[in-house]
Amino acid sequence: MKRRKFDRRAVPANAANGLDERFQAATPLRRLFNKVFPDHWSFLLGEIALYSFVVLVISGVFLALFFDPSMRETVYDGSYTPLRGVEMSQAYNSALDISFDVRGGLYVRQMHHWAALLFMAAILVHMFRVFFTGAFRKPREANWIVGLMLFWMGFVEGFAGYSLPDDALSGTGLRIASAIMLSIPVVGTWVTTSLFGGEFPGEVILDRLYIVHVLLVPAALVALISVHMGLLVKQKHTQWPGPGRTNTNVVGVRMFPGFAAKAGGFFMIVFAVLAALAGLVQINPIWLFGPYKAAVVSAASQPDWYVMFLDGSTRLFPAWEIRFHLFGNGYTLPPIFWPTVVLPGILTVLPMLYPFLEARSSGDKSIHNLLQRPRDNPSRTGLGAMAITFYAILLISGGNDVVADKFHISLNAMTWAGRIGILVLPPLAYYAAYRVALGLQQHDRAVLAHGVETGIIRRMPDGRFVEVHQPLPLPAGARRGEEEYAGWVVPKKMNRLGALAPPVKGFFLPIERPAPPPEPTGHEAEEPGEITTRH
């Protein structure tokens with residue numbers, strides 16, 4: 001009987017064939033691996049948020065092994081000498097143990113906090129990119145809404161995690177949150193007592209926030225990220241206009257192996273930056289704040305940056321209290337209701353509706369897979385600048401007590417500067433951004449019409465000096481003077497036209513510098529009526 005020869009080289013192929021015969025995975029995997037990603041730096045912003053979320057999950061699992069969210073009173077007897085013998089909650093006690101007694105605990109806790117800040121920052125900047133380039137237009141309105149929901153779920157997740165250590169700073173934040181909930185008409189008292197299990201602070205809030213922070217909101221974030229990525233794969237990427245790029249194709253790098261290798265390297269870079277921040281830059285030193293006591297609230301009690309705009313809106317809003325009677329009962333709307341409940345509602349609903357409002361106002365019902373430069377839609381760019389200015393004023397006003405103290409400015413003056421600025425500066429930002437966008441667009445049109453500046457100055461027979469312009473190359477069949485503004489980059493330098501070879505790029509400095517342009521000969525300089533110079 002002849003013995004069959006065993007071929008080890010065929011084992012991977014045979015195993016793959018066996019899996020495919022059972023699960024039919026080859027076709028979807030082939031489609032996934034052949035997906036094309038545009039090769040532009042602006043598309044990396046969303047990836048930073050994704051990679052930060054991965055670091056958040058990994059570091060959060062480590063911290064969950066040692067953290068106890070109980071509000072049961074205990075006496076600290078750990079390594080941090082200044083707090084020994086102090087009564088505190090078990091949550092604060094375990095947070096101190098993680099920081100001082102668990103090997104690597106402080107490092108992981110700081111990495112977790114920095115990753116949360118980077119996650120929210122990346123989402124916000126990514127949404128700015130999507131807004132300014134028009135990537136939210138049909139058919140991607142749903143993904144824009146999912147992105148907004150990701151921001152607000154991250155907001156809730158960050159606030160819940162910020163409140164868990166039960167130190168003086170996080171306890172102050174919970175006290176403010178309870179005041180905000182109490183300000184809601186009719187149902188405010190019920191909501192607050194239900195959440196806190198009675199009067200603030202109760203005995204159950206940290207246990208409930210812990211479940212929200214480690215289970216409910218992370219599950220919602222994973223679901224939203226999955227929907228976001230699924231829509232992205234189904235609808236394909238947007239891309240910048242350019243040669244060979246249309247509304248029906250995607251030009252870029254295949255997912256495997258090119259994009260996968262780049263994404264893996266980029267994840268390592270994001271992880272390395274977070275690791276360096278965790279080891280070198282201190283954040284949230286809870287041992288300096290001490291345990292939370294309701295009667296002890298210090299100045300400079302600011303939340304994380306993505307929550308601070310609500311702090312700023314509360315500080316700027318006037319102390320207008322509205323009292324009214326309804327069905328024989330008296331009700332009061334405290335001043336905190338408008339900047340902390342109504343304003344977030346507006347900031348949630350209005351951006352969600354914006355894609356439909358813009359499409360309705362412009363009458364645009366077509367599908368868009370090509371992006372727009374901000375200069376090519378001045379109205380949208382102005383609105384974006386207006387929103388950023390509005391947010392920045394609230395963010396600065398959230399720390400106006402610190403600014404007033406450090407720069408020796410009246411706190412009252414800082415408050416009124418914020419109130420005036422919130423009304424005056426956003427419209428000015430809209431006007432400035434609108435005019436700048438029009439000016440940049442007009443400059444592109446001028447280059448399109450007259451050509452690229454060459455740096456060559458000629459003196460005409462009548463004594464005038466003029467600069468020589470190099471006309472742009474014309475597409476096939478077009479005539480000079482009939483060039484259309486395509487809404488994409490117009491060459492502004494000669495090396496963009498191939499007249500000068502660009503230098504070969506190195507890591508820090510060019511490896512090879514281009515040859516200098518030829519100098520004019522004596523005969524060229526002596527031609528009658530011309531003087532040629534370069535600048």
Side-chain angles (χ1 to χ4, degrees), residues 37 39-67 79-80 94-129 150-151 154-155 157-165 167 169-170 213-214 218 221-222 225 259-289 300 302-308 392 395 398-399 402 406 505-509:
F37 290 83
D39 192 12
H40 193 271
W41 66 266
S42 61
F43 294 95
L44 300 178
L45 298 171
E47 293 181 38
I48 295 176
L50 177 61
Y51 302 151
S52 302
F53 181 74
V54 173
V55 176
L56 274 171
V57 172
I58 296 173
S59 57
V61 169
F62 176 87
L63 295 175
L65 298 176
F66 303 97
F67 183 72
S79 300
Y80 188 63
S94 64
L96 290 175
D97 288 341
I98 291 173
S99 301
F100 294 107
D101 298 312
V102 174
R103 187 180 296 273
L106 179 60
Y107 181 78
V108 176
R109 193 174 70 81
Q110 295 201 148
M111 181 182 289
H112 190 71
H113 203 141
W114 278 116
L117 298 185
L118 183 61
F119 176 68
M120 296 300 293
I123 289 179
L124 193 63
V125 178
H126 178 62
M127 289 173 61
F128 285 153
R129 197 278 298 177
L150 274 170
F151 174 82
F155 182 98
E157 174 76 346
F159 180 77
Y162 173 86
S163 304
L164 286 178
D167 59 284
L169 190 61
S170 63
H213 182 69
V214 303
L221 285 171
V222 170
I225 291 173
F259 181 79
K262 290 183 178 181
F266 192 47
F267 170 76
M268 294 303 175
I269 292 174
V270 173
F271 187 86
V273 170
L274 290 173
L277 286 172
L280 300 175
V281 184
Q282 179 176 272
I283 188 170
N284 197 23
I286 57 174
W287 55 90
L288 298 181
F289 306 142
Q302 272 76 30
D304 286 333
W305 69 267
Y306 51 89
V307 184
M308 199 182 296
L395 186 69
V402 179
K406 299 303 180 183
K505 295 181 178 179
F507 191 79
F508 289 110
L509 297 174

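Given the structure is predicted, the values throughout are model-derived calculations rather than measurements.
Note that the CG atom of Leu221 and the CZ atom of Phe53 stand 5.0 Å from one another [nearest 0.5 Å]. Taking CG from Leu106 and CG from Leu96, the interatomic distance works out to 11.0 Å, rounded to the nearest 0.5 Å. Here the straight-line distance linking atom OG of Ser59 with atom CE of Met111 works out to 7.0 Å at 0.5 Å rounding. From Phe119, atom CZ reaches atom CG of Leu50 across 8.5 Å, with rounding to the nearest 0.5 Å. Considering CD1 of Ile58 and CZ of Phe271, their distance stands at 6.5 Å, rounded to 0.5 Å. To the nearest 0.5 Å, atom CG of residue Leu56 and atom NE2 of residue His113 are 10.5 Å apart.
A donor-acceptor pair under 3.5 Å is absent between the side-chain atoms of His126 and the main chain of Leu45, judged by distance alone. When atom types are taken as modelled, the side chain of Arg109 and the backbone of Asn284 share a donor-acceptor pair closer than 3.5 angstrom. In terms of modelled atom types and a separation under 3.5 Å, the side chain of Gln302 and the main chain of Gly398 share a donor-acceptor contact.
Side chains of Val270 and Leu118 form a contact here, defined as non-hydrogen atoms less than 4.5 Å apart. Side-chain contact between Leu124 and Tyr306: absent, with no pair of heavy atoms (C-beta onward) separated by less than 4.5 Å. In this structure the side chain of Phe66 never reaches within 4.5 angstrom of the side chain of Asp97, judged on heavy atoms. A 4.5 Å side-chain heavy-atom check between Met120 and Trp305 finds at least one atom pair inside the cut-off.
Minimum heavy-atom separation, Ile123 to Leu150: CD1-O, 4.2 Å. What you find for Ala122 and Ala49 is that their closest heavy atoms are CB-N, 3.5 Å. The shortest heavy-atom contact between Phe159 and Ser163 is O-OG, 2.8 Å. For Ile283 against Gln110, the heavy-atom pair with the smallest separation is N-OE1, 3.3 Å. Pairing each heavy atom of Phe266 with each of Glu47, the nearest pair is CD2-OE1, 3.9 Å. Residues Met127 and Phe151 share a closest heavy-atom pair of SD-CB, 4.1 Å.
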Practice problem: Determine, stepwise, if the pair Val102 / Phe62 fulfils side-chain contact (heavy atoms from CB on, under 4.5 Å). | Solution: CA-CA 11 Å; Val102 174; Phe62 176 87; 4.1 Å; yes
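Just one of Val307, Asp167, Asp304 meets the side-chain contact (heavy atoms from CB on, under 4.5 Å) condition when paired with Tyr162; it is Asp304.
Under the 30°/60° scheme for interplanar angles, the aromatic rings of Tyr80 and Phe100 are found to lie parallel.
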